[in-house]
Amino acid sequence: MRGYIEAAEGYFRSKVVRRSLEELARDYEAIDVVAVLLAWDAETATGRPRVPNELVADACRDHPDRFVGFGSVDPHKGERAVAEVDRIAELGLKGVKLHPSLQAFAPDDEQHWPLFERCEELGLSVLFHTGTSGIGAGQPGGQGIRLDYARPIRLDAVAAAFPNLNVIAAHFGYPWHLELLAMALHKTNINIDISGWAPRYIPVEVMRDMKGRLQDQFVFGSDYPFIQPQRCLDELKGLDISEPVLQKVLVDNGRRLLKIA
């Protein structure tokens, strides 16, 4: 991610500290949190090497109490991407991570339907980056990264076409968060994660629906390494969220989506 990560560090005002997988597992054990590790494949759009799904699966096998994993595919690879979804399931990973902006693809383009259909058939959740991006932020042309690919409304067609597919929209789609809230109210297979934001800065509309009518469709995330999970946990506890709702957001909804006993 060299060349991209520096802009993100400036956006989050946070220096990324490199950690080994063993160190990371110890960090998460110390705060009693399970980390979701993400593979990465944006070769077509960026020309950069992928983070293999096998690497994430190996880490999860080595640290089963601390890590669960999501694989990644490059949607531009077509049939090869669909075949890789089968490999992700074989590896025991829980879902597929996609970043429409950095991978430069439109989720609502029906050429990608076979990919989502296979995820639905295999019971894999699909986690989409939505909204603005720390990667490319503050750079001329945003390093060529288009934000419109990650607008939440592009996921509405996906959720409508595949009602048994669990769609997770990362970072609640800011600045189009009202759009995403409306979609989640309309379609129960749309879920929202709160990562990428220090909780005290989460917009009031998002917080209201997380506490209320959408409390079963929100999941916790921090966006480590840019935001530390302990900070997120501490701030959430100071935001007048009832214990039953906090339990859903921090634990229960994630267990259900990832099929963790």
Side-chain angles (χ1 to χ4, degrees), residues 1 4-17 27-28 31-36 38 97 99-102 127-139 142-143 145-155 167-185 190-254 257:
M1 294 298 290
Y4 288 116
I5 206 75
E6 294 80 4
E9 287 177 326
Y11 177 82
F12 285 102
R13 292 176 292 180
S14 173
K15 191 73 176 174
V16 171
V17 178
D27 290 346
Y28 273 80
I31 60 173
D32 192 27
V33 171
V34 173
V36 179
L38 305 176
K97 158 71 174 184
H99 195 307
S101 290
L102 207 54
L127 171 65
F128 292 88
H129 174 96
T130 62
T132 191
S133 175
I135 298 173
Q139 305 294 304
Q143 293 182 288
I145 296 167
R146 286 176 48 175
L147 298 183
D148 65 308
Y149 285 140
R151 186 163 179 170
I153 197 64
R154 290 188 179 270
L155 303 184
V167 172
I168 306 172
H171 323 311
F172 54 80
Y174 178 88
W176 302 289
H177 48 288
L178 296 181
E179 186 172 277
L180 180 57
L181 294 172
M183 290 161 53
L185 285 167
I190 291 179
N191 302 271
I192 302 170
D193 96 13
I194 58 172
S195 70
W197 286 68
R200 61 184 170 142
Y201 296 126
I202 293 175
V204 62
E205 298 92 347
V206 176
M207 188 62 68
R208 179 195 63 214
D209 279 348
M210 186 180 79
K211 292 180 181 180
R213 54 189 178 173
L214 289 175
Q215 61 186 260
D216 295 320
Q217 290 166 250
F218 269 86
V219 290
F220 172 73
S222 64
D223 217 11
Y224 178 96
F226 300 109
I227 302 178
Q228 295 295 319
Q230 187 63 62
R231 175 186 178 180
C232 295
L233 293 170
D234 291 343
E235 289 191 14
L236 281 172
K237 291 175 182 176
L239 291 177
D240 190 30
I241 304 171
S242 71
E243 280 301 320
V245 169
L246 205 55
Q247 174 69 20
K248 288 180 178 181
V249 173
L250 294 179
V251 180
D252 296 345
N253 296 341
L257 284 172

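Owing to the predicted nature of the structure, the values given are computational and were not obtained by experimental measurement.
Taking the side chain as every heavy atom from C-beta outward, I194 and F220 approach each other to under 4.5 Å. Using a 4.5 Å cut-off on side-chain heavy atoms (C-beta onward), L233 and L250 make contact. Between R146 and R151, the closest side-chain pair of non-hydrogen atoms is not below 4.5 Å. The closest side-chain heavy-atom distance from L38 to L127 is below 4.5 Å. Within the 4.5 Å cutoff, the side chain of K211 has heavy atoms near those of the D240 side chain. M183 places a side-chain heavy atom less than 4.5 Å from the side chain of L155.
We find the CG-CD1 distance between L102 and I135 to be 5.0 Å, quoted to the nearest 0.5 Å. Atom CZ of residue F128 and atom NZ of residue K97 lie 10.0 Å apart, to the nearest 0.5 angstrom. Atom CZ of R231 is separated from atom CD1 of I31 by 14.0 Å, given to the nearest 0.5 angstrom. Atom CE of M210 sits about 12.5 Å away from atom CG of D216, to the nearest 0.5 Å. A distance of 6.5 Å separates CG in L214 from CG in L181, rounded to the nearest 0.5 Å. Here the straight-line distance linking atom CG of L178 with atom CD of E205 works out to 5.0 Å at 0.5 Å rounding.
Judged by distance alone, the side chain of E235 and the main-chain N or O of C232 form no donor-acceptor pair under 3.5 Å. With hydrogens and angles disregarded, no donor-acceptor distance shorter than 3.5 Å links the side chain of S195 to the backbone of D223. D193 places a side-chain N or O within donor-acceptor distance of the main-chain N or O of H171, the cut-off being under 3.5 Å. The main-chain N or O of A170 is found under 3.5 Å from a side-chain atom of T130 such that the two form a donor-acceptor pair. A donor-acceptor pair under 3.5 Å is formed between the side chain of R154 and the backbone N or O of D148. Remark: the backbone N or O of F218 is paired with a side-chain donor or acceptor of N253 at under 3.5 angstrom.
Listed here is the closest heavy atom pair of I153 and E179: N-OE2, 3.0 Å. M207 and P199 make their closest contact through CE-O, 4.0 Å (heavy atoms, listed as atom of the first residue, atom of the second, distance). Shortest non-hydrogen contact noted between I227 and S222 is CB-O, 3.3 Å. Nearest heavy atoms, H129 versus G131: NE2-O, 3.6 Å. Taking every heavy atom of both residues into account, Y224 and P229 meet most closely at CD1-CD, 3.8 Å. The two residues L180 and P152 come nearest to each other via the heavy atoms CB-CB, 3.9 Å.
The aromatic rings of W197 and F172 lie tilted to each other, with the angle between the two planes from 30° to 60°.
A salt bridge is absent between K248 and D252; no separation between the charged side-chain nitrogens and carboxylate oxygens falls under 4.0 Å.
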task: Before giving the answer on side-chain contact (heavy atoms from CB on, under 4.5 Å), spell out for I192 and H177 the whole-Å C-alpha distance, their side-chain angles and the decisive distance to 0.1 Å.
output: CA-CA 10 Å; I192 302 170; H177 48 288; over 6 Å; no
